[in-house]
Amino acid sequence: AQKVTQAQTEISVVEKEDVTLDCVYETRDTTYYLFWYKQPPSGELVFLIRRNSFDEQNEISGRYSWNFQKSTSSFNFTITASQVVDSAVYFCALSEANYGQNFVFGPGTRLSVLP
Amino acid sequence: NAGVTQTPKFQVLKTGQSMTLQCAQDMNHEYMSWYRQDPGMGLRLIHYSVGAGITDQGEVPNGYNVSRSTTEDFPLRLLSAAPSQTSVYFCASSHTGPKNIQYFGAGTRLSVL
């Protein structure tokens with residue numbers, strides 16, 4: 001069965017520190033997609049990134065980077081030089097190609113960046 | 001550029017009351033879904049639809065009904081509200097296919113007393 005685990009419930013860092021949010025997934029499919037969403041204090045859900053199971057290249061977008069490793073079933077998210085505006089709940093999600101397109105979300109990690 | 005619109009933003013119900021949460025999208029997306037968000041549990045799928053006239057149950061469907069008469073609209077009905085349905089509800093839409101990004105509405109915060 002598909003499952004997403006985000007073991008870190010809450011993380012607090014001081015501004016300018018680097019922080020990594022962990023995501024571990026379980027899937028029965030060979031083709032699947034992984035997503036990260038951000039939920040700031042205002043409550044909306046904002047898409048950050050999508051990765052498919054055949055593309056293990058790491059990705060960097062400004063201060064954000066993602067490390068996808070199929071060998072450990074992980075899709076971790078790093079924020080470099082964190083800022084107060086990064087404070088949010090971050091969700092990792094999984095969608096399988098051959099078992100419908102429904103997302104399974106992890107429980108989320110609440111990140112607090114202190115000034 | 002409306003995207004996914006949910007109404008109302010906030011609602012308080014008494015146990016046993018019924019109500020409908022509205023969701024509309026203007027992106028011509030075939031797939032629409034409803035989630036509930038509870039502390040520590042992420043988002044859990046309630047019901048989803050892959051097109052007008054087609055709906056199916058998700059992980060936590062009990063106590064909720066849906067219908068999809070048009071591509072644009074996907075209302076969620078609570079027939080007899082219970083305190084356990086106190087939650088934040090999100091509607092999402094996307095094109096069909098597992099690779100597609102789901103776009104979310106702003107959410108409805110529901111309290112059942």
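Because only heavy atoms are used, hydrogens play no part in the values below, and waters and symmetry mates are left out as well, while side chains stay in. Order of the sequence lines sets the chain letters (A, B, ...), proteins ahead of strands, with each chain counted from 1.
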>> For B:Phe104 and A:Phe47: C-alpha separation, side-chain torsions, deciding distance, then whether ring pair (Phe, Tyr, Trp, His ring centres under 6.0 Å) applies.
In response: CA-CA 9 Å; B:Phe104 286 83; A:Phe47 164 76; over 10 Å; no
> Do you know the tightest heavy-atom contact between B:Pro98 and A:Ala97?
Replying inline: CG-CA, 3.4 Å
>> Could you check whether any side-chain heavy atom of A:Val104 comes within less than 4.5 Å of a side-chain heavy atom of B:Leu45, counting everything from C-beta outward?
In response: no
> CZ of B:Arg109: more than 12 outside heavy atoms within 6.0 angstrom?
Replying inline: no
> Linking I/L/V/M/F/W/Y whenever any side-chain heavy atoms sit under 4.5 Å apart, do A:Phe91 and A:Tyr25 land together?
Replying inline: no
>> What part of A:Gln6 gets within 4.5 angstrom of chain B, counting heavy atoms only: side chain, backbone, both, or neither?
In response: neither
>> Pairing donors with acceptors under 3.5 angstrom, does anything connect the side chains of B:Tyr35 and A:Asn102?
In response: no
> Side-chain heavy atoms under 4.5 angstrom apart, residues restricted to Ile, Leu, Val, Met, Phe, Trp, Tyr: same cluster for A:Leu45 and A:Tyr64?
Replying inline: no
> Does one hydrophobic cluster hold both A:Val4 and B:Val60, with members joined at side-chain heavy-atom distances below 4.5 Å?
Replying inline: no
> In terms of heavy-atom pairs under 4.5 Å with chain B, which of A:Ala93, A:Ser95, A:Gly108 leads?
Replying inline: A:Ser95
>> Please classify the contact between B:Gln37 and chain A as side chain, backbone, both or neither, with a heavy-atom cut-off of under 4.5 Å.
In response: side chain
> Is it true that a side-chain atom of A:Tyr32 and a backbone atom of B:Lys99 form a donor plus acceptor pair closer than 3.5 Å?
Replying inline: no
> Does any non-hydrogen side-chain atom of A:Phe103 lie less than 4.5 Å from one of B:Gln102?
Replying inline: yes
>> Which atoms of B:Ser94 are under 4.5 Å from chain A, going by heavy atoms: the side chain, the backbone, both sets, or neither?
In response: side chain
> Taking all atoms of both residues into account, what is the closest heavy-atom pair of B:Ile101 and A:Arg50, and its distance?
Replying inline: CG1-NH1, 4.0 Å
> Applying the 4.5 Å side-chain criterion to the ILVMFWY set and letting contacts propagate, would B:Val4 and A:Phe105 be lumped into a single cluster?
Replying inline: yes
